[in-house]
Participant: 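I have a structure I would like to understand better, so I am pasting it below and will then ask my questions one at a time.
Note that this is a predicted model, so its numbers are computed, not measured. Throughout, protein chains are lettered first and strands after them, A, B, ... in sequence-line order, and every chain is numbered starting at 1.
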2 protein chains.
Amino acid sequence: MTTAQELTKNQSLVFNTLSRADGPLSAYTILDQLRGDGFRAPLQVYRALEKLLDYGMVHRLESINAFVACAHPHHHGHSHGMIAFAICEKCGQVSEFSDDIITQRVRQWTTDNGFKQTKTTIEIRGVCANCGTA
Amino acid sequence: MTTAQELTKNQSLVFNTLSRADGPLSAYTILDQLRGDGFRAPLQVYRALEKLLDYGMVHRLESINAFVACAHPHHHGHSHGMIAFAICEKCGQVSEFSDDIITQRVRQWTTDNGFKQTKTTIEIRGVCANCGTA
DNA sequence: CTCGATATGTGATGTTATTACATTAGTCAA
DNA sequence: TTGACTAATGTAATAACATCACATATCGAG
């Protein structure tokens with residue numbers, strides 16, 4: 001992960017769009033929201049996302065093909081552990097958390113099996129507390 | 001998860017294709033391999049996959065949009081725990097494993113946060129032992 | 001047999017992501 | 001300043017993944 005730096009115009013636009021959103025957005029949703037700012041093609045979004053992912057400012061949710069602004073932007077906090085996401089299928093809210101034991105157990109398996117991990121995805125889908133009680 | 005039963009023609013064709021493959025296949029790759037058996041449209045594959053997933057005979061790898069036959073078909077073994085997948089980005093081989101501690105830690109989080117999980121994805125991407133030493 | 005449920009066939013369409021190529025803007029050294 | 005290099009951008013086309021809508025067929029229960 002490259003360290004963050006001054007964002008370019010397109011990167012800022014995409015990042016601000018994700019930050020303002022109250023849940024994950026698809027690349028094409030971002031595109032639509034940025035048409036007024038001159039965006040015309042998917043690639044403008046995907047290229048910005050690629051950098052933002054690289055800087056650790058944005059996460060990709062593989063199970064729903066969507067992107068969210070990182071919930072822990074400042075200290076790039078638990079960045080040494082794996083990040084897990086709980087995604088509510090009712091309201092779309094995403095909770096981000098990190099668990100050292102899980103990280104450790106995954107590392108244990110990869111070590112035992114000679115597997116060099118580059119990226120790990122942990123995504124829990126279901127219904128959040130708010131939606132569950134409603 | 002519904003319990004497995006006699007598979008229909010299309011379901012068998014799709015399942016056999018996945019079983020013979022030495023790695024995950026995309027829906028469209030399956031389609032291409034089954035053209036000789038009369039398959040003409042993606043939906044024929046997706047419909048069969050849907051059932052096979054439901055029966056627990058096949059897994060979907062969210063991070064690569066592909067499907068694999070379950071590696072533990074007989075006892076539907078660790079089916080109470082979450083299944084993790086290690087996917088080699090060099091050779092495509094997938095290792096399937098289950099870890100009680102991870103399952104427990106995830107359940108801990110969901111319990112603490114009132115989140116009702118329906119499906120959990122754990123996918124480790126990287127390079128397997130074989131490819132790493134080569 | 002007839003009804004209902006499940007499975008299938010087929011075309012069109014929707015959604016997500018990348019390729020290819022041209023252009024623009026910034027940096028740095030000679 | 002010029003030239004050369006690198007990063008960022010613009011645009012069209014296409015590839016890859018998935019679903020909708022509607023018609024037809026198959027099969028078991030009553």
Participant: What nucleotide among D:dC20, C:dA17, C:dA20 has an atom nearest to a side-chain atom of A:Arg60?
Facilitator: C:dA17
Participant: Could you tell me if B:Gln108 and B:Asp112 have a donor-acceptor pair between their side chains, going purely by distance under 3.5 Å?
Facilitator: yes
Participant: So, B:Ser63 and B:Glu123: side-chain donor and acceptor under 3.5 Å apart, yes or no?
Facilitator: yes
Participant: Could you tell me whether the phosphate oxygens of D:dA18, OP1 or OP2, come under 4.0 Å of any side-chain nitrogen or oxygen in A:Asn65?
Facilitator: no
Participant: Taking atom P of C:dT19 as reference, at what distance in whole Å does atom CZ of A:Arg47 sit?
Facilitator: 12 Å
Participant: Rounded to the nearest angstrom, tell me the gap between atom NZ in B:Lys9 and atom P in C:dT8.
Facilitator: 8 Å
Participant: Does C:dT8 have OP1 or OP2 sitting under 4.0 Å from an N or O in the side chain of B:Thr8?
Facilitator: yes
Participant: Of the options D:dA8, C:dT19, C:dT10, whose atoms approach the side-chain atoms of A:Gln11 most closely?
Facilitator: D:dA8
Participant: Which nucleotide sits closest to the side chain of A:Phe67: C:dA17, D:dA8, C:dT8?
Facilitator: C:dA17
Participant: How long is the gap from CD on A:Gln93 to SG on A:Cys128, to the nearest 0.5 Å?
Facilitator: 7.0 Å
Participant: Can you figure out which of C:dA7, D:dA18, C:dG9 approaches the side chain of B:Lys51 most closely?
Facilitator: C:dA7
Participant: Looking just at side-chain N and O atoms, do A:Gln117 and A:Thr120 make a donor-acceptor pair shorter than 3.5 Å?
Facilitator: yes
Participant: If only atom types and distance count, is the side chain of A:Asp99 paired as donor or acceptor with the main-chain N or O of A:Ile101 below 3.5 Å?
Facilitator: yes
Participant: Using C1' atoms of five pairs at each end, report the bend of the helix from C:dC1-D:dG30 to C:dA30-D:dT1 rounded to 10 degrees.
Facilitator: 20°
Participant: Taking atom NZ of B:Lys90 as the centre, does the number of heavy atoms from other residues, nucleotides or ligands within less than 6.0 Å exceed 12?
Facilitator: no
Participant: Identify, with sequence neighbours excluded, every residue that meets ring-ring contact (aromatic ring centres under 6.0 Å, His included) alongside B:Phe67.
Facilitator: none
Participant: So with a 6.0 Å cut-off around CD of B:Glu50, is the heavy-atom count from everything else above 12?
Facilitator: no
Participant: Distance check needed: C:dT16 P versus A:Leu43 CG, whole Å only.
Facilitator: 16 Å
Participant: For DNA chain D, what residues of residues 28-41 of chain B have any heavy atom nearer than 4.0 Å?
Facilitator: B:Tyr28
